[in-house]
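Okay, structure first, notes after.
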Amino acid sequence: MAPKKPLCLPSLLLPLLTLLLPQADTRSFVVDRDHNRFLLDGAPFRYVSGSLHYFRVPRVLWADRLFKMRMSGLNVVQFYVPWNYHEPEPGVYNFNGSRDLFAFLQEATLANLLVILRPGPYICAEWEMGGLPAWLLRKPKIHLRTSDPDFLAAVDSWFKVLLPRIYPWLYHNGGNIISIQVENEYGSYRACDVSYMRHLAGLFRSLLGDKILLFTTDGPEGLKCGSLQGLYTTVDFGPADNMTKIFGLLRKYEPRGPLVNSEYYTGWLDYWGQNHSTRSIPAVTKGLEKMLKLGASVNMYMFHGGTNFGYWNGADEKGRFLPITTSYDYDAPISEAGDPTPKLFAIRNVISKFQEVPLGPLPTPSPKMTLGPLTLHLDGNLLDFLDFLCPQGPIHSVLPMTFEAVNQVHGYMLYRTYLTDTVSEPTQLWVPNNGVHDRAYVMVDGVFQGVLERNMKHNLFLMGKIGATLDVLLENMGRLSFGSNSSDFKGLLQPPILGQTVLTQWLMFPLKVDNLVKEWFPIQPLKSSHPQTPSGPTFYSTTFPILNSGGDTFLFLPGWTKGQVWINGFNLGRYWTKRGPQQTLYVPRPLLFPRGAHNRITLLELENVPPQPQIQFLDRPILNSTKHRTYIYSLSSASEPMELSGH
Ligand SMILES: CCCCNC(=S)N1C[C@H](O)[C@@H](O)[C@@H](O)[C@H]1CO
């Protein structure tokens, strides 16, 4: 709810109070160009801010994380608003539960934190499609992040819903939002469409009024195309960058006014298959102290990273397609599990040299829980549940259709065809033009043949009789969130070729896997027409009680390959044990039912299960397993893990 209007007080009190409280009409946050600073209600103000993304933290944990940020000495919290999180279908809006942005704003107020809001429309953030909704791609020729009329029509429609709801939360209206960013690092996008930026600036002004401070953020190389007259220019850079040079460049765009680093990187993101990223404490604190000495205002990106639950991770394109991991720990001052780290205390110490830090200790790390090993049982092959996974039945097309063309946003789609000839020798199956977006799991008559992967694995060999069923399960690993100057369509983008034959006549089954897991399991497959020995995409599950008050925990899947996990129907995210570097998935305690009640864990394993289909819950995360070896940790956390096997 927006800030309340002043209570109606007895007439004698009101005049007195109005003398004491800054009224909405005297509240202000402005740039003082004469003294290179901000002014809050007329007094000099420098913000030391941290980024926390509400969309990566369960709502029940928001207050805890924000309190820890305040106790760290921050006075502002900065966050994006992902358009695709709130408008899942055109004209359908969701601001409920963990998507209740306004409840988060209220929690920030309660934590005594002001807010810097970054509503995009594009946000990057290693988030699915950089926050843009995939349904935009139902117009395949749309030019994202430009003045393309189709794109602008959708942007206008979204912001005409969002920004009027933000208006009461603006600081001068009695709320806590002191400034709002327009777009995100637009100067890094090849289009460089100034009329698009002008359109956004005009739209924000028309819906938010002329008092709110609007700004842009760009890396040093992006200032030319990313900055715009009338929007305050800020930069982003990390501890290893040349601060003097970059702030010097910034002064070419903002000769006067406070220096601002809107994203000072305290850590960095992780990609599946690459080493875990870290940033050292001395490097981070040295740069922070230097900026604060300059009088700059700083936002630390991230202060708490959280998790890419479900299918929400994005991806980068750096030579090849690189999906972001489920964990967004970011080596941030507050860990993915919400625990203060040594980096937090070091940063808090630096801040205390420049401004008041709330007295009192930070909370200690939350209780952690170990559990297991637990043995999972086979629920059945994914193919056995097609009737439940695609109740409306398949779509037929001569050539395969993309996810976007059949309105499938996330997750998985099954492509089915039938062999028109017998293939009696191992024969190459491949998809031209790197057209597997992003991973394909291939079955013939239900028997797993192997994997095709975008940029990584372009072919496999198979045999089959005439009339055999060829199934290709496509996994959307997350749409590009950065670096793509073209739209990242998902699915089979070209018809596969078997030997010399272009395969046509396809049935597309958009799969509602989350509905199956939430609403139908446990259920035995109606028919198990597939070989009992599990191969390829299969569901496993078990139930388990928590024996004591429990705590946060970390799901460990030794020997499993790659797949998706649900706990009590909540989509915990992707695992990729075989590739790493992440080996555990963070399980927040609130996801688990209290002692005695049975919790259900369900896995969709896409490739191969271990000889013993077991899982464990550990009391610590494993985010940096570069050797991709699997271990079984004995239950006592003191002991060293026993190595099972290496990949
Ligand atoms: C490989 C870097 C991808 C580009 N992203 C960069 S530079 N960043 C700036 C971007 O504004 C922010 O949303 C985050 O995406 C951040 C990296 O965490």
Side-chain angles (χ1 to χ4, degrees), residues 49-56 77-85 116-132 144-145 179-190 197 200 215-223 225-227 231 233-241 246 250 260-279 284 287 298-308 312-333 336 478-485 488 623:
S49 168
S51 286
L52 184 171
H53 297 161
Y54 62 93
F55 41 97
R56 288 183 158 124
V77 56
Q78 177 174 292
F79 55 93
Y80 289 117
V81 179
W83 178 6
N84 56 8
Y85 200 55
I116 296 173
L117 195 75
R118 308 207 284 175
Y122 163 83
I123 65 168
C124 192
E126 287 71 63
W127 189 254
E128 148 80 10
M129 205 161 143
L132 298 177
L144 302 174
R145 303 177 71 193
S179 62
I180 293 184
Q181 181 179 292
V182 176
E183 244 279 355
N184 190 79
E185 292 196 319
Y186 191 61
S188 300
Y189 191 58
R190 188 174 63 188
M197 283 295 282
L200 290 181
F215 70 99
T216 58
T217 296
D218 281 281
E221 74 294 332
L223 288 168
C225 263
S227 60
L231 305 181
T233 309
T234 78
V235 282
D236 56 32
F237 58 84
D241 294 314
I246 295 172
L250 175 60
V260 177
N261 180 343
S262 290
E263 294 183 21
Y264 179 60
Y265 304 114
T266 59
W268 199 244
L269 51 104
D270 276 350
Y271 304 110
W272 290 113
Q274 309 281 302
N275 289 337
H276 174 56
S277 302
T278 59
R279 293 294 182 273
V284 170
V298 183
N299 175 73
M300 286 170 270
Y301 190 101
M302 298 298 294
F303 207 83
H304 174 52
T307 307
N308 294 309
W312 285 113
N313 64 280
D316 288 337
E317 204 160 40
K318 295 172 76 176
R320 67 179 175 84
F321 178 73
L322 290 169
I324 304 293
T325 57
T326 302
S327 171
Y328 203 62
D329 180 86
Y330 216 83
D331 192 31
E336 182 178 11
R479 288 181 182 80
L480 288 167
S481 41
F482 181 81
S484 82
N485 288 304
D488 188 15
L623 298 177

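Remember, it's 1-based here, ligands and their atoms both numbered in the order they're listed.
- For D218 against G187, the heavy-atom pair with the smallest separation is OD1-N, 2.8 Å.
- Close contacts of ligand 1 with Y271, meaning ligand atoms under 4.0 Å from a residue heavy atom, involve 1 (C).
- Set against the non-hydrogen atoms of L269, the atoms of ligand 1 under 4.0 Å away are 17 (C), 18 (O).
- In this structure, atom 5 (N) of ligand 1 lies nearest to the protein heavy atom E126 OE2, 3.7 Å.
- No N or O atom of D316 sits closer than 3.5 Å to an N or O atom of ligand 1.
- Residue, atom and distance of the protein heavy atom nearest to atom 8 (N) of ligand 1 are Y265 OH, 3.7 Å.
- Remark: ligand 1 and A125 share an N or O pair separated by less than 3.5 Å (distance only, no angle test).
- Within the 3.5 Å criterion, the main-chain N or O of R279 finds a donor-acceptor partner in the side chain of D331.
- Residue F237 places every heavy atom at 4.0 Å or more from ligand 1.
- Under a 3.5 Å cut-off, the side chain of Q78 and the backbone N or O of S262 do form a donor-acceptor pair.
- Under the 4.0 angstrom criterion for non-hydrogen atoms, T217 is not in contact with ligand 1.
- Between W127 and ligand 1 there is no heavy-atom distance shorter than 4.0 Å.
- Interface atoms of ligand 1 facing I123, defined by a heavy-atom separation under 4.0 Å, are 13 (O).
- Note that the OG1 atom of T266 and the OH atom of Y330 stand 7.0 Å from one another [nearest 0.5 Å].
- The closest protein non-hydrogen atom to atom 18 (O) of ligand 1 is Y330 OH, 2.6 Å.
- Separating the CZ atom in R145 from the OH atom in Y189 is a distance of 6.0 Å, to the nearest 0.5 Å.
- A donor and an acceptor atom, one from each side chain of Y328 and D270, are nowhere located under 3.5 Å apart.
- Taking only nitrogen or oxygen atoms, main chain and side chain alike, W268 does not reach within less than 3.5 Å of ligand 1.
- Distance from atom 12 (C) of ligand 1 to its nearest protein heavy atom, with residue and atom name: E263 OE1, 3.3 Å.
- Looking at heavy atoms from C-beta onward, D488 lies in side-chain contact with F321 at the 4.5 angstrom threshold.
- Aromatic pair Y264/Y301: ring centres not closer than 6.0 Å.
- A donor-acceptor pair under 3.5 Å is formed between the side chain of Y122 and the backbone N or O of S481.
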